[in-house]
Colleague: 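After the structure tokens below, expect a handful of questions from me.
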Amino acid sequence: MHIAFDLSFTHTEGAWARQGSWVGQDFPDVRMYMELARTAERAGVGMLFFGDGSGIPSTWRGSIDPAVEWGIQWPRHDMSPVIAAMSTVTERIGFGLTYSSTFMHPFYVARLLNSLDHVTGGRIAFNVVASTRGADAANYGFAELMDHDLRYERMEEFVAVCRALWDSVAPDAIVRDRDTGRFADPAKVRPIDHRGRFFTVKGPLASVPSPQHHPVVVQAGNSPRGIAASARFADLVFGFGGNLMAQRRHRELLDEALLSERRDPAVVGILWATQVIVGRTTAEAQARRDAVQEFWNEEAVATYLSHNAGYDLSTLPRSFSLAELRDAIVAAQASPAGLIGSLLAEFGEDHTMSRSEFFAHGRGRATGLDHSVVGDPATVADALEENFAATGSRGGYMFSCPLAMPSGFADISELLLPELRRRGALAPAYPGATLRENLAV
């Protein structure tokens, strides 16, 4: 197994105030992340990952007020400077950074990631996302979300442009001949002259090739169109954990798509997004789980679910079929993954559900407790080993934790990972010099 930590929400949804949180330091104090990076590297964690969203959740009843009041999925800062700072106190651990191909321009992102790959010494991954949230779209001048499949077409072109830019200066282009003063070979620095449906980019990239040349590219789409995009360009895939049937289906569909792209499925792993609450004893872990639930009032749950679906769930009728809900969300160009996808997999599209039942299920999704692994180190390790074997044994886990920063991730580092390593379940820690080498399946 390869292990990554998802640090996207270490300070939201009440985590900032829970027992074990920092005292005297608050988000976005970079010292918090620098300390956690050192702890994670000692444990052999492969990558620290940051998701992103640039809008304050406003889908629920068209208002940002509930998200602001309860700290739901906000505040969110651009974490590229934080990654640069964490890299100065570590040597091997990698860093994943998220940007939206729906809103951003590939030249800017390719240049930034090249620079960060230099700063970190070849430890950067680019998580490319097709954005589904109206709050983000409004900040980039979009009155409505782009069509779902069109977002993936744009993503594929976006990644192709980034890769062309990274290749526009050959790895051996830089000469640095002190005797003649000749810096580089012009024959090895060429424009890309890209003209596509979404982007026109002259190039070349005005940068020195970075240690990895191409940062590791990560993608998380689990719709048929998203899986097709993963097969086309992703070095590593993120998948939703917690539902074995859905995980197996994702792995099967990805393998089929990789073969159709003439790529080897054995070398493209999936990191399953899995929430972990570990304690020294099972009783301690369960008490921590119960404490998480205390934060979530009805308004906080509804705000979270609406934001992540991209659909105002206050408009739900008294009862509805899951197929009707899915179709309404798709028609709004939003995402039926997450909770709705899990309910469809569990109950089927013809299942009728009341509004109150839906939000009862939604509470588990908002807290993450519907897909959490909870227990002492041995119990959690047993569950992970069983799941890893059942889903193809390629990739590993992207651990999130709803407990306080830093204690939640520190306990995973200091309790769970040593147990997994003792069993021989973990990939070797940092066998190479770059993130690409260290995350090889």
Side-chain angles (χ1 to χ4, degrees), residues 5-29 32 36 51 53 56-57 59-61 63-76 240-242 273-309 313-314 316 338-339 342-343 354-377 379-380 383 399-416:
F5 282 177
D6 185 353
L7 306 184
S8 307
F9 302 106
T10 56
H11 58 285
T12 62
E13 287 81 50
W16 58 274
R18 292 192 181 110
Q19 185 176 8
S21 59
W22 285 104
V23 175
Q25 293 182 21
D26 295 299
F27 178 84
D29 192 324
M32 300 165 61
L36 183 57
I56 300 176
T59 309
W60 173 254
R61 294 178 175 165
S63 173
I64 66 170
D65 291 354
V68 170
E69 182 170 7
W70 301 109
I72 305 300
Q73 307 272 282
W74 99 286
R76 306 291 294 276
F240 294 113
T274 303
Q275 185 163 279
V276 169
I277 300 176
V278 65
R280 288 162 183 81
T281 66
T282 297
E284 182 180 54
Q286 290 174 343
R288 291 175 173 178
R289 177 197 60 196
D290 294 343
V292 170
Q293 296 201 63
E294 294 175 3
F295 164 78
W296 288 91
N297 59 43
E298 291 184 6
E299 189 173 50
V301 169
T303 299
Y304 176 95
L305 295 175
S306 293
H307 177 63
N308 283 283
L313 296 169
S314 70
L316 288 178
L339 172 63
S342 297
L343 293 174
S354 70
R355 180 187 171 102
S356 61
E357 287 174 323
F358 175 82
F359 281 109
H361 284 285
R363 184 179 183 86
R365 171 61 60 169
T367 61
L369 298 179
D370 66 344
H371 59 281
S372 292
V373 184
V374 181
D376 61 27
T379 300
V380 175
F399 288 147
S400 60
C401 184
L403 304 181
M405 167 83 159
S407 61
F409 284 105
D411 282 344
I412 295 174
S413 298
E414 295 165 2
L415 298 176
L416 175 60

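Here the structure is a predicted model, which is why all the values come from computation and not from measurement. Throughout, numbering of the chain's residues begins at 1 and tracks the sequence.
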Colleague: Quick check: do W70 and W296 have side-chain heavy atoms less than 4.5 Å from each other?
Modeller: no
Colleague: Answer yes or no: is there a side-chain heavy-atom contact under 4.5 Å between Q293 and R363?
Modeller: yes
Colleague: Within the side chain of R18, is there an N or O that forms a donor-acceptor pair under 3.5 Å with the backbone of L403?
Modeller: no
Colleague: Would you say the side chain of Q73 lies within less than 4.5 Å of the side chain of E13, judging by non-hydrogen atoms?
Modeller: yes
Colleague: Do the non-hydrogen side-chain atoms of S400 and F5 ever get within less than 4.5 Å of each other?
Modeller: no
Colleague: Heavy atoms only: give me the nearest S8-G51 pair and the separation to one decimal.
Modeller: OG-N, 2.6 Å
Colleague: Fit a plane to each ring of H11 and F27, take the angle between them on a 0 to 90° scale, and name the class: parallel (under 30°), tilted (30 to 60°) or perpendicular (over 60°).
Modeller: parallel
Colleague: State the CG-CD1 distance between L369 and I277, to the nearest 0.5 angstrom.
Modeller: 5.5 Å
Colleague: State whether the number of non-hydrogen atoms from other residues, nucleotides or ligands found under 6.0 Å of W16 atom CH2 is greater than 12.
Modeller: no
Colleague: Distance check, rounded to the nearest 0.5 Å: I72 atom CD1 versus S306 atom OG?
Modeller: 11.5 Å
Colleague: Contact between V278 and P377 at the side-chain level, heavy atoms closer than 4.5 Å - yes or no?
Modeller: yes
Colleague: So which heavy atom on S21 is nearest to which on A404, and how close?
Modeller: N-CB, 3.3 Å
Colleague: How long is the straight-line distance from CG of D65 back to OG1 of T303, given to the nearest 0.5 Å?
Modeller: 9.5 Å
Colleague: Just say parallel, tilted or perpendicular for the rings of F359 and W60, cut-offs at 30° and 60°.
Modeller: perpendicular
Colleague: Kindly indicate whether the side chain of T379, heavy atoms from C-beta on, has any atom under 4.5 Å from the side chain of T282.
Modeller: yes
Colleague: Could you tell me the separation between the CG atom of D26 and the CG atom of D29, rounded to the nearest 0.5 Å?
Modeller: 8.0 Å
Colleague: For the CD1 atom of I64 and the OG1 atom of T59, what is their distance to the nearest 0.5 Å?
Modeller: 12.0 Å
Colleague: I want to check something: taking the side chain as every heavy atom from C-beta on, are M32 and M405 in contact at a cut-off of under 4.5 Å?
Modeller: yes
Colleague: Is any side-chain heavy atom of R289 closer than 4.5 Å to one of S372?
Modeller: no
Colleague: Just how far is it from atom CG of D6 to atom SG of C401, taken to the nearest 0.5 Å?
Modeller: 11.0 Å
Colleague: Does a donor on one side chain sit under 3.5 Å from an acceptor on the other, for E284 and T281?
Modeller: no
